[in-house]
Amino acid sequence: MQSVKIQTVRDTRQAFYDKLAPHALTPLWEVLKGLVAREPTSKAMAHTWDYATLRPLLLESGGLLTAEEAERRVLVLENPGLKGLSRITSSIYAGVQLILPGETAPAHRHVASALRFVLESDGGFTAVAGERTAMRRGDFIITPNWGWHDHGNVGKTPAIWVDGLDLPIVNLFETGFSDHWGEKHQPIGKAEGDSIARFGSGMVPLNATSPFGATSPIFNYTYDKSRAALMAVAEAGTPDPHDAVSLRYANPIDGGWAMPTIAAWLTHVPEGFETKSIRSTDGQTLVVAEGTIEIDIGERTFKLTENDIVCVPAWAPRRMRASKSAILFGFSDRSAQEKLALWREQRQ
């Protein structure tokens, strides 16, 4: 009798739900648990991309089509938990781009902000808003929102770098625009190093504002200077138990993150040092610039060496050990989360 009563209630409710559907209505109580989580549960998976495997495939793509044909010759770092979405984490796109000697990736622009972390280059360059800069290993280069940019390679070896873009964030808000210059290169109207001279020496022009809005006016944070600062800090004190020795790339105008939607930083883990477990709401992408390191992500352990890349999903516990003194470049959506008062971390 009780089972009949329960079935009758179910049928009555379902009949009501069927009335709602034609009116584009749905009962909140049926979907509430899926909308309001008790804690983050990322669909992204912890995953590594071994550079020794990735690089030959990237070079092979260079024989299939030119940079101009592809517009951007990139192998997308697609997270196995986010298949078909062209994302490395839930909110960030990442890929590895190749420019062969003599090639040009034509000038274009888009609303999405982009970063480049250079893995190989002896003659690669990028131009942003009328200024060209050489690309050297370890450089952190920014393409600001709606900024014209093109890339080329006047060297004798391939130029290869990691791309990180906020495309999923832009597309979530349905605010994407893009445009093409119409020629290979944009006109260069500024001397190389102009932005560094104006904003990168610890001084800025009076009444300074960034020509790139909320993005840093420095678009190439060179590795030699960044590494020197990181190692000087390392020599001056004890590593943080959770963050080791970490410095973030800063906007000289306001001291905030260099990019409004993508946070970027460098971390040094001294040889033999092991961090304590920490987790945060930003899914992170880490690139090994130097050394050898083991990273525990949840219940899995990954061993990485130079140029290897790893995804740390949001709210996944992480811990690092360096068997050889290591430097990592990291990026995530932390800067966007902080602006929205969403970012949180938990240290153990």
Original post:
Any side-chain heavy atom of Phe302 within less than 4.5 Å of one from Asp308?
Top reply: no
Original post:
So, the side chain of Arg318 versus the backbone of Val312: is there a donor-acceptor pair under 3.5 Å, distance only?
Top reply: no
Original post:
Do the side chain of Asn251 and the main chain of Ile253 share a donor and acceptor less than 3.5 angstrom apart?
Top reply: yes
Subject >> Check: Pro317 and Gln346 side chains under 4.5 Å, non-hydrogen atoms >> reply: no
**OP:** Kindly check if the number of other-residue, nucleotide or ligand heavy atoms within 6.0 Å of CZ (Arg344) is above 12?
**Re:** no
Original post:
Is a side-chain donor-acceptor pair under 3.5 Å present for Asp296 with Thr301?
Top reply: yes
**OP:** State, without any angle test, whether His108 and Ser178 hold a side-chain donor-acceptor pair at a distance under 3.5 Å.
**Re:** no
Original post:
Considering only heavy atoms from C-beta outward, does the side chain of Leu230 approach that of Val245 to under 4.5 Å?
Top reply: yes
Original post:
Asp243 and Arg248: salt bridge (charged side-chain N to carboxylate O under 4.0 Å, His left out), yes or no, with the steps?
Top reply: CA-CA 12 Å; Asp243 295 326; Arg248 62 180 176 85; over 6 Å; no
Original post:
Hey, is the main chain of Asp150 close enough, under 3.5 Å, to the side chain of Thr126 for a donor-acceptor pair?
Top reply: yes
Original post:
Hey, quick one: are Phe199 and Tyr223 part of the same hydrophobic cluster, counting side-chain heavy atoms closer than 4.5 Å, chains of contacts allowed?
Top reply: yes
Original post:
Please walk me through it: do Ile141 and Trp161 pass side-chain contact (heavy atoms from CB on, under 4.5 Å)?
Top reply: CA-CA 10 Å; Ile141 297 172; Trp161 61 83; over 6 Å; no
**OP:** Under the side-chain contact (heavy atoms from CB on, under 4.5 Å) rule, what do Trp148 and Asp179 come out as? Steps first, then yes or no, please.
**Re:** CA-CA 9 Å; Trp148 289 108; Asp179 198 2; 3.8 Å; yes
Original post:
Taking only residues two or more places apart in sequence, or in another chain, which ones meet Asp194 in a salt bridge (Lys or Arg N to Asp or Glu O under 4.0 Å)?
Top reply: Arg198
Original post:
Under a 4.5 Å cut-off applied to non-hydrogen side-chain atoms, are Pro252 and Ile218 in contact?
Top reply: yes
Original post:
Applying the side-chain contact (heavy atoms from CB on, under 4.5 Å) test to Leu304, which of Ile295, Thr292, Leu286, Asp50 qualifies?
Top reply: Ile295
Original post:
Residues in side chain to side chain donor-acceptor pair (under 3.5 Å) with Asp333, at least two apart?
Top reply: Ser91, Gln337
Original post:
Would a distance-only check, ignoring hydrogens and angles, find a side-chain to backbone donor-acceptor pair under 3.5 Å from Ser42 to Pro313?
Top reply: no
**OP:** Please work out whether the ring planes of His47 and Trp49 are parallel, tilted or perpendicular, with thresholds of 30° and 60°.
**Re:** perpendicular
**OP:** Please confirm whether the backbone N or O of Phe125 pairs with a side-chain atom of Arg132, one donor and one acceptor, at under 3.5 Å?
**Re:** no
Original post:
Among the clusters formed by ILVMFWY side chains lying less than 4.5 Å apart, do Leu247 and Phe117 turn up in the same one?
Top reply: yes
Original post:
Does any non-hydrogen side-chain atom of Glu274 lie less than 4.5 Å from one of Arg319?
Top reply: yes
Original post:
Do Thr275 and His242 have side-chain N/O donor and acceptor atoms under 3.5 Å apart?
Top reply: no
Subject >> Verify same cluster id: Phe219, Leu115 (apolar side-chain graph, 4.5 Å) >> reply: yes
Original post:
So His110 and His149, would you call those rings parallel, tilted or perpendicular, with 30° and 60° as cut-offs?
Top reply: perpendicular
**OP:** Return the minimal non-hydrogen interatomic distance between Ala197 and Ser201, and the atom names on each side.
**Re:** O-OG, 4.2 Å
**OP:** Before giving the answer on side-chain contact (heavy atoms from CB on, under 4.5 Å), spell out for Arg13 and Glu30 the whole-Å C-alpha distance, their side-chain angles and the decisive distance to 0.1 Å.
**Re:** CA-CA 11 Å; Arg13 289 178 178 176; Glu30 289 291 316; 5.7 Å; no
**OP:** Examine distances only and state if a side-chain atom of Asn153 and a backbone atom of Gly102 form a donor-acceptor pair shorter than 3.5 Å.
**Re:** no
Subject >> Over all atoms of both residues, closest heavy-atom pair of Ile262 and Gly164 >> reply: CD1-O, 3.9 Å
**OP:** Answer with yes or no whether the side chains of Arg109 and Thr143 bring together a donor and an acceptor at under 3.5 Å.
**Re:** no
**OP:** Flag the pair Val96 / Ile160 as yes when at least one side-chain heavy-atom distance between them is below 4.5 Å, and no otherwise.
**Re:** yes
**OP:** Using the rule that two of Ile, Leu, Val, Met, Phe, Trp, Tyr join whenever any of their side-chain heavy atoms come within less than 4.5 Å, decide whether Phe329 and Val118 are in one cluster.
**Re:** yes
Subject >> salt bridge (Lys or Arg N to Asp or Glu O under 4.0 Å) partners for Glu294, two or more places apart >> reply: Arg321
Original post:
Between Pro106 and Glu183, which heavy-atom pair has the shortest distance, and what is it?
Top reply: CB-O, 4.4 Å
Original post:
Looking at side-chain heavy atoms only, is the closest gap between Val287 and Leu119 below 4.5 Å?
Top reply: yes
**OP:** Test side-chain contact (heavy atoms from CB on, under 4.5 Å) on Thr305 and Lys324 and set out the steps.
**Re:** CA-CA 9 Å; Thr305 189; Lys324 180 182 178 183; over 6 Å; no
Original post:
Is any side-chain heavy atom of Gln284 closer than 4.5 Å to a side-chain heavy atom of Leu328?
Top reply: no
**OP:** Compute whether any side-chain donor of one residue and acceptor of the other, for Ser216 and Tyr221, lie under 3.5 angstrom apart.
**Re:** yes
Original post:
Within the distance-only criterion (no hydrogens, no angle test), does the side chain of Asp122 pair as donor or acceptor with the backbone N or O of Gly155 below 3.5 angstrom?
Top reply: no
Subject >> Co-membership, hydrophobic cluster, residues Leu77 and Tyr51, 4.5 Å side-chain >> reply: yes
Subject >> Whether Arg87 side chain and Ala94 backbone form a donor-acceptor pair below 3.5 Å >> reply: no
Original post:
Do the side chain of Glu131 and the main chain of Gly193 share a donor and acceptor less than 3.5 angstrom apart?
Top reply: yes
Subject >> Under 3.5 Å side-chain donor-acceptor pair for Asn307 and Arg137 >> reply: yes
Original post:
For the side chain of Asn220 and the backbone of Met135, is there at least one donor-acceptor N/O pair under 3.5 Å apart?
Top reply: no
Original post:
How are the rings of Trp146 and Phe177 set relative to one another: parallel (under 30°), tilted (30 to 60°) or perpendicular (over 60°)?
Top reply: perpendicular
Original post:
Out of Glu68, Glu60, Glu103, which residue meets the salt bridge (Lys or Arg N to Asp or Glu O under 4.0 Å) rule with Arg73?
Top reply: Glu103
Original post:
Taking the six-membered ring for Trp, are Tyr17 and Trp29 parallel (under 30°), tilted (30 to 60°) or perpendicular (over 60°)?
Top reply: tilted
